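One structure is given here, and the rest of the page talks about it.
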Amino acid sequence: MQKILVSRCLLGQRVRYDGGTHGPFGPLERWQVEGRIVPLCPEVAGGLPTPRAPAEIPSGQGARVLEGELPVMTDDGQDVTAEFVAGARIALDLVATHGIRMAVLKARSPSCGNRENYDGSFSGTRVAGEGVTAAALRRAGVEVFSEEELDEAVARLAELDKS
């Protein structure tokens, strides 16, 4: 059975920066019952508390954080790069341990966003980009979907189950 890495906030767990949650969503609930889900909040796993200050990546490029070219900064000026990178490493460890080939992560998160992110100005401006964990997972060959792409994730899981 294929395992799926899923952002804990999408499972209804209160781990968002503001202590909030998203979900749970129907397919995720079904996968949880089936025992497929490996839950993770990379930010909490990397050592950050809940709640915590909002964080963004200048230019929204998580891959550049992994390369040591950009920091992850909170709105009050704290550098939380180390915690974000630590969370990405934990995600990669889970991928290796469980043979994970796909993930469903929170859209637009500085850790988990898979298509767009905020630009680092804390103005709500979105840019094409991905979070630190999403970038690390893609580099490792994991397909990353967001909660806005659950139909695609369901279809891809069906394909993986057949192979």
Side-chain angles (χ1 to χ4, degrees), residues 1-17 21-50 52 55-57 59-72 79-117 128-163:
M1 176 186 331
Q2 293 292 321
K3 296 284 188 171
I4 307 151
L5 187 70
V6 177
S7 294
R8 286 177 52 202
C9 65
L10 298 179
L11 300 170
Q13 297 177 16
R14 297 192 174 280
V15 293
R16 276 178 38 103
Y17 75 93
T21 184
H22 292 282
F25 298 91
L28 302 182
E29 289 177 308
R30 186 170 57 254
W31 295 341
Q32 199 160 27
V33 168
E34 294 171 357
R36 293 181 181 269
I37 293 198
V38 177
L40 176 71
C41 174
E43 295 170 26
V44 171
L48 294 173
T50 302
R52 57 191 167 276
E56 293 186 6
I57 304 165
S59 78
Q61 306 302 311
R64 292 187 58 203
V65 173
L66 292 171
E67 293 160 7
E69 297 174 2
L70 290 175
V72 182
D79 184 333
V80 290
T81 306
E83 291 88 345
F84 274 71
V85 171
R89 287 189 182 124
I90 291 166
L92 292 174
D93 289 344
L94 290 171
V95 163
T97 298
H98 297 281
I100 293 170
R101 297 170 60 191
M102 67 179 275
V104 177
L105 305 179
K106 178 67 189 98
R108 293 176 290 283
S109 156
S111 287
C112 298
N114 70 327
R115 304 227 181 265
E116 67 179 358
N117 224 323
E130 61 190 350
V132 178
T133 295
L137 292 172
R138 278 194 209 278
R139 286 181 174 180
V142 176
E143 295 179 73
V144 181
F145 300 90
S146 77
E147 76 278 14
E148 297 169 353
E149 301 166 320
L150 284 175
D151 290 342
E152 294 93 332
V154 167
R156 182 61 180 137
L157 180 60
E159 291 172 6
L160 289 172
D161 278 345
K162 289 178 186 175
S163 61

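On a predicted model such as this, the values are computed, not experimentally measured, just so you know.
Residues that satisfy the side-chain hydrogen bond (donor to acceptor under 3.5 Å, both in side chains) test with Asn114, not counting sequence neighbours, are Glu149. Partners of Arg14 by salt bridge (Lys or Arg N to Asp or Glu O under 4.0 Å), not counting sequence neighbours: none found.
Here the closest heavy-atom approach between residue Pro71 and residue Asp79 is recorded as CB-OD2, 4.0 Å. A pairwise comparison of heavy atoms in Ile57 and Asn117 identifies CD1-ND2, 4.2 Å as the closest pair. The minimum heavy-atom distance between Ala55 and Val72, with the atom names listed, is CB-CG1, 3.9 Å. Across every non-hydrogen atom of Arg101 and Ser163, the tightest pair is NH1-OG, 3.9 Å. Closest approach of Val104 and Ala153 over heavy atoms only: CG2-CB, 4.1 Å.
Remark: Thr21 OG1 to Leu11 CG distance equals 8.0 Å, nearest 0.5 Å. Note that the CG atom of Leu160 and the CD1 atom of Ile4 stand 8.5 Å from one another [nearest 0.5 Å]. Atom CG of Leu137 sits about 8.5 Å away from atom CD1 of Ile100, to the nearest 0.5 Å.
Side-chain contact check for Gln13 versus Thr50: every heavy-atom pair is 4.5 Å or farther apart. Looking at heavy atoms from C-beta onward, Trp31 lies in side-chain contact with Leu157 at the 4.5 angstrom threshold.
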Show me the donor-acceptor pairs within less than 3.5 Å that the side chains of residues 141-148 make with the rest of the protein, sequence neighbours left out.
from, atom 1, to, atom 2, distance (Å)
Glu143, OE1, Arg156, NE, 3.2
Glu143, OE2, Arg156, NE, 2.5
Glu143, OE2, Arg156, NH2, 3.0
Ser146, OG, Glu148, N, 3.0
Glu147, OE1, Ala107, N, 2.9
Glu147, OE2, Lys106, NZ, 2.6
Glu148, OE1, Arg108, NH1, 3.3
Glu148, OE2, Arg108, NH1, 3.3
Glu148, OE2, Arg108, NH2, 2.6

Using atom types as modelled, flag every donor-acceptor pair under 3.5 Å from a side chain in residues 82-99 to any protein atom, sequence neighbours excluded.
from, atom 1, to, atom 2, distance (Å)
Thr97, OG1, Asp93, O, 2.9

What pairs of donor and acceptor atoms, side-chain ones from residues 59-70 against any protein atom, are under 3.5 angstrom apart with sequence neighbours left out?
from, atom 1, to, atom 2, distance (Å)
Gln61, NE2, Ser59, O, 2.8
Gln61, NE2, Ala128, O, 2.7
Arg64, NE, Glu69, OE1, 2.9
Glu67, OE2, Arg139, NH2, 2.5

For residues 36-45, which side-chain donor-acceptor pairs fall under 3.5 Å, sequence neighbours excluded?
from, atom 1, to, atom 2, distance (Å)
Arg36, NE, Glu34, OE1, 2.7
Arg36, NH1, Gln2, O, 3.2
Arg36, NH1, Asp161, OD1, 3.2
Arg36, NH1, Asp161, OD2, 3.4
Arg36, NH2, Asp161, OD2, 2.8
Glu43, OE1, Arg52, NE, 2.9
Glu43, OE1, Arg52, NH2, 3.0
Glu43, OE2, Ser111, OG, 3.0

Assess the residue pair Thr81 and Val132 against the criterion (side chain to side chain contact (heavy atoms under 4.5 Å, CB included)); give the C-alpha distance rounded to whole Å, side-chain angles, the decisive distance to 0.1 Å, and a yes or no.
CA-CA 9 Å; Thr81 306; Val132 178; over 6 Å; no
